[in-house]
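Worksheet: the structure to be examined is printed underneath.
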Protein chains: 2
Amino acid sequence: MKKLSSRLSIAVHILTLTAMSSKNCTSEFIASSVNTNPALIRRIIGYLKNAGLVAVQAGTGGTSIQKDISEITLLDVYNAVEVTEGNGLFNFHKGNRQCKVGANIESILGAALKKAQTAMENELRRITIKDIVDGINKLP
Amino acid sequence: MKKLSSRLSIAVHILTLTAMSSKNCTSEFIASSVNTNPALIRRIIGYLKNAGLVAVQAGTGGTSIQKDISEITLLDVYNAVEVTEGNGLFNFHKGNRQCKVGANIESILGAALKKAQTAMENELRRITIKDIVDGINKLP
DNA sequence: TCTTGATGTAATCATAATAGTTATAAGCAG
DNA sequence: CTGCTTATAACTATTATGATTACATCAAGA
């Protein structure tokens with residue numbers, strides 16, 4: 001069924017490519033590596049820019065990373081591109097308030113699911129863009 | 001942006017209600033507590049049935065739980081209703097194979113994201129339907 | 001200053017998942 | 001047989017996503 005969007009993988013790709021590349025990273029160049037079109041790349045770069053992760057030279061063009069890549073975690077990127085209202089990963093139905101189960105399932109279950117979400121986020125926090133770059137550099 | 005579907009919360013609701021209720025749990029009765037219609041309930045019960053968590057008396061009606069509720073974890077329910085092909089939580093774009101980053105980002109990043117997903121699943125495994133039932137019973 | 005090439009962003013569009021709903025065939029108890 | 005229920009298909013509306021086009025804006029260099 002439905003998974004989370006590929007914005008996270010695209011955003012990590014953008015950051016990795018920008019970190020590794022010596023050439024001027026225009027949206028056109030990045031799009032050719034990501035296999036999509038420049039407008040989509042610019043949209044995602046917009047999210048990264050709002051999060052303070054990158055800066056873009058308007059006019060001339062070119063994306064540059066604004067932090068040490070060992071300090072940009074996957075959670076930073078995830079939060080930049082995958083934000084949900086209330087930060088909740090799971091959706092809830094609205095139970096019937098007249099029924100004890102319906103009235104309370106959200107708070108009880110919600111606390112449990114929040115823990116699961118936090119566990120995932122903590123794991124994302126342990127991995128940085130530098131880890132990804134190193135992983136690719138290690139390849140033959 | 002997008003969260004995961006509310007099928008998990010509805011499924012947990014169904015199981016909790018069935019576990020706590022002494023009356024015959026027809027899809028009609030459950031739907032009134034969940035605040036939706038019987039057909040949707042039957043659809044989700046279908047997933048739970050396929051996973052061996054419940055049995056349904058066709059004809060007469062009524063859902064019954066097939067395992068001890070202390071042995072049904074949220075992960076069991078999650079897997080029953082939220083299955084994705086390949087079990088991946090995150091989607092990936094398809095990078096350009098001509099580019100070193102594009103060719104390898106999926107395997108490198110995929111391994112990292114798999115860990116995050118596993119951490120979430122491990123947390124879901126720690127919570128059972130009994131915990132939810134107990135939580136609701138504890139309320140005034 | 002003007003040209004060139006890039007960004008920022010809005011506007012469409014097609015596709016897919018979700019959830020709501022209706023309808024109907026089939027099952028079982030009394 | 002009757003009445004109630006489940007199982008399932010079909011259809012609809014809504015929404016997120018991703019692809020794409022278009023255009024105004026911006027900055028550097030000739």
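Residue numbers start from 1 in every chain, and the chains themselves are labelled A, B, ... in the order their sequence lines are given, proteins ahead of strands. No experiment lies behind these values; they were computed from the predicted model shown.
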Sidechain N-carboxylate O distance under 4.0 Å for B:K138, B:D134: no
Sugar-phosphate, base or nothing in reach of A:G61, heavy atoms under 4.0 Å: sugar-phosphate
Residues B:S27 and B:R42: side-chain donor-acceptor under 3.5 angstrom: yes
Nucleotide D:dG18, atom C1' - distance to NE2 of B:H93 in whole Å: 13 Å
Student check: side-chain heavy atoms of B:L113 and B:Q117 closer than 4.5 Å: no
Side chains of A:Q57 and A:S64, donor plus acceptor under 3.5 Å: no
Short side-chain N/O contact from A:S6 to OP1 or OP2 of D:dT17, under 4.0 Å: no
Under-4.0 Å side-chain N/O to phosphate OP1/OP2 contact, A:T26 with C:dA6: no
Between C:dA17 (C1') and B:L89 (CG): distance, integer Å: 15 Å
Protein-nucleotide distance (B:Q57, atom CD; D:dC4, atom C1'), rounded to Å: 13 Å
Residues B:T36, A:H93; criterion side chain to side chain donor-acceptor pair (under 3.5 Å); working and verdict: CA-CA 9 Å; B:T36 182; A:H93 67 285; over 6 Å; no
5' precedence on DNA chain D between B:S27 and B:N91 (nearest-nucleotide basis): B:S27
Residue closer to the 5' end of DNA chain D, A:R7 versus B:G62 (nearest nucleotide): B:G62
Separation between CG of B:L74 and CG of B:D131, rounded to the nearest 0.5 Å: 8.0 Å
Below 4.0 Å: OP1/OP2 of D:dA16 and any side-chain N or O of A:S5: no
Modelled atom types, side-chain donor and acceptor of B:T26 and B:N24, under 3.5 Å: no
Close approaches to DNA chain D from residues 28-49 of chain A, in residue order (heavy atom, under 4.0 Å): A:T36, A:N37, A:A39, A:L40, A:R42, A:R43
Length of the NZ-P vector between B:K3 and D:dA16, whole Å: 11 Å
Separation of C:dA6 P from A:N24 CG (nearest whole Å): 9 Å
